[in-house]
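Below is one structure, written out as C-alpha cells, with a few remarks after it.
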Amino acid sequence: MTIWNVINLLGGLAMFIFGMNLMSDGLKLVAGPYLKNILEKLTQNRIVAMIVGAGLTALIQSSNAMCVMVVGFVNAGMMQLERSVGILMGAKIGTTITGQLIAFNISEIAPIIAFVGVAVYMFAKKPRVKNVGQIIASLGVLFIGLGTMSSAMKPLAGEVWFQNLLREFSNPILCVLIGIIFTVIIQSASASVGVLQMLALSGVMMFPDAFPQAFYIMLGMNIGASVAPALASLGGRKDAKRVAFIVILFESIGMVFFLILTSIFPVIFDWIMATSPGNPTRQIANANTIFNLVTVLLLLPCAKYLVRIAEWVIRGEDEKEKEKLSLYYIDESGYQSGTVLLGQIDREIGRMHELVQINIDAATKAYFGHMPISRKQFDQNEAAVDYLNKEIVAALIRTSGMSLNEKEAMHAGHLYHIVTDLERIGDHAENVLGYALQMERNKQKFSNKALKDLKELTSSVYKIYDLAYEHFVAPSQELYTVIYKMEDNIDALVEKMRNSNIKRLAKMKCEATQGLFYSEILVDLERVSDHALNIAQAAKKFSVLDDEE
C-alpha cells in the first residue's frame with residue numbers, strides 16, 4: 001500500500017460522494033415540484049405514508065434529505081408529527097436502493113455513462129432535459145469513483161497489519177461504533193454503505209468470515225445517518241425535535257434487535273449471504289435492505305407509541321408567545337432543501353401578514369375611538385414586521401445558491417416583491433395611526449360624514465388585503481379578477497372622498513389641518529390597496545407557471 005494508493009482512495013471517495021450529491025440534486029430538481037404536495041396529501045394512512053416515503057427517497061436517493069425535509073415541514077407546521085412517522089420509516093427502506101444500484105458494479109462502462117450525461121447537459125435547451133443529463137452524468141461519476149476506490153483498496157488485502165486490525169474488530173458493539181463515526185463524518189448512510197461494499201469487493205474484507213463484522217458496521221452506519229436530521233432540528237419547534245428523536249429511536253431499536261437476534265441465531269448471517277452467493281457487494285446491499293425492511297415491519301404497527309415516547313422525552317409545548325423579533329418557522333432544516341425553505345418562508349410571510357393586518361385594523365379604528373391594541377403593541381408589531389422583512393429577504397438570498405427548479409425559482413423571485421409589499425403596507429398603517437394620534441393631541445375630529453366615508457373605505461381595504469393573502473395561499477383566476485375589480489372600486493371611492501373633502505374645505509366645514517390629515521389618510525389607504533393588488537399579481541404569475549407545467 002503506497003501513498004499513491006491512499007491518494008487514489010481519497011480521490012475515488014471524493015468522486016463517489018460528489019456523484020451521489022450531484023445525482024441527489026438532479027433528482028430533487030426533477031421531482032421537487034411534486035414532493036411537497038405528495039407529502040401533504042398522501043400521508044393520511046400510515047402504510048401509504050411508508051410507501052410514499054420509500055418511493056420518494058428512492059427517487060431522490062437520500063434518506064438524509066428526506067428526513068431533513070420532514071423535520072422542516074413539521075417545524076413549519078405544514079405536517080403533523082404523527083403523519084411524519086410513516087414517511088421516516090419508508091425513507092429508510094428507500095435509501096437501500098443506492099446499495100442495490102452499487103452492487104451492479106458497472107464501473108467499466110461508467111466513463112461512457114458520464115460522457116453521455118455531460119453531452120445531454122451541455123447541449124440540452126430545456127431545463128428538465130438538462131436535469132436528466134445531470135443525473136446520468138452523476139451516475140457515471142459515482143461509479144468512476146467506486147472503481148477508483150476499489151482499485152486503490154486492493155493492496156490492503158495483502159497487508160498483514162491491516163488484516164490483523166480487522167480481526168481486532170470482532171466485538172459487535174465496536175463495529176457499530178465504527179459505522180456510526182464513519183457515517184457522521186461522511187454524512188450519508190448510502191455513501192458509507194457504498195464504501196463498505198467496495199471494501200468487500202476489493203477483497204480487503206475476507207468474505208464469508210468478515211460478513212458479521214460488515215453487518216454490524218452497516219448497523220452503525222444506519223444510526224450515524226440520524227445525525228443530520230438531529231442537527232437540522234436544533235433551534236426548531238419541539239415537534240421538529242421529536243421527529244429527529246424518532247429517527248434515532250427507530251434506528252437504535254432496529255440495531256439492538258438485530259444485535260440480539262444474530263447473537264442468538266448466527267445462522268441468520270448464512271441466510272443473508274445465501275441471497276447472493278459469491279457476490280459480497282450484493283450481500284451487503286441485501287443485508288442493508290433486510291435490516292431496514294424488518295425494522296419497519298416491526299415498528300410500523302407501534303408508530304403511535306414511538307410518538308408517545310418522543311413526546312415523553314421531549315416534553316412540553318412551544319411557547320404561545322415567542323419573542324416577536326425571531327423566526328418561528330425558518331430553521332436549519334430549511335437550508336438543506338430549497339423546497340423546505342420556501343415552505344418555511346411562506347409560513348413566515350403568513351405571520352408577517354397577520355402582524356400587518358393587526359396594525360391596519362388598529363390604525364384605522366383609532367379614528368372611531370376604539371383602538372384594539374396599545375401603542376406599545378403596535379410599535380412591537382411594526383418592529384417585528386421590519387425584522388421579518390430583513391430576515392426573510394436574507395433567507396430568499398440563500399435560495400439563490402440552492403438547487404431550485406424553474407417553478408421554485410420563480411416563486412422565490414415573487415416572494416421578494418410580496419415581502420416588500422407587506423412591509424410597505426405596515427409603513428402605511430403606521431402613517432395612518434400617526435395622523436390619528438396627532439389629531440388626538442390637537443383635540444380634532446372628523447365630521448360624521450367624513451367618518452362614514454372613511455369607514456366604508458377601510459372596510460374595502462380590509463377586504464382586499466385579506467383576499468390578496470388568500471390568493472397568495474391558493475391562487476385562482478376567479479379570485480384575482482375579484483381583487484382586480486375591487487382595487488378599481490377603491491380608487492374610484494378614494495377619488496370621490498377626495499372631492500368631498502375639497503368641498504368641505506371650500507365651505508369651511510373643517511379646518512385646513514383636518515383636511516390635510518384626511519387627504520393623507522386617503523393616500524395611504526389607496527397605497528395599501530395598490531400593494532395588495534401587487535401581492536395578488538405576484539401569486540397569479542406563480543400559479544400560471546404552475547398550471548403550465
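Remember, predicted model here, so these are calculated numbers, not experimental data.
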Considering only heavy atoms from C-beta outward, does the side chain of [X] approach that of [Y] to under 4.5 Å?
X	Y	value
Arg282	Gln100	yes
Asp270	Phe265	no
Asn288	Asn222	yes
Asn389	Val385	no

Main-chain N/O of [Y] paired to [X] side chain as donor or acceptor, under 3.5 Å:
X	Y	result
Gln197	Thr281	yes
Ser252	Leu249	no
Tyr216	Asn171	no

Identified side chain to side chain contact (heavy atoms under 4.5 Å, CB included) counterpart of Phe291 within the set Leu219, Ile272, Val296: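 Passing option: Leu219.
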
Under the side chain to side chain donor-acceptor pair (under 3.5 Å) test, residues paired with Thr275 that sit two or more places apart: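 Only Asn286 meet the side chain to side chain donor-acceptor pair (under 3.5 Å) criterion with Thr275.
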
Within residues 111-121 or reaching into it, pairs that qualify as side chain to side chain donor-acceptor pair (under 3.5 Å) - sequence neighbours excluded: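 Listed once each, the pairs would be none.
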
From Ile253 atom CD1 to Met255 atom CE, the distance as rounded to the nearest 0.5 Å: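 Those atoms lie 10.5 Å apart.
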
Pair Glu348 + Arg351: basic N to acidic O under 4.0 Å: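 Salt bridge flag = yes for Arg351 with Glu348.
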
Over 12 non-hydrogen atoms of neighbours within 6.0 angstrom of CZ in Phe18: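 No, CZ of Phe18 has 12 or fewer neighbouring heavy atoms, counting only those of other groups under 6.0 Å.
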
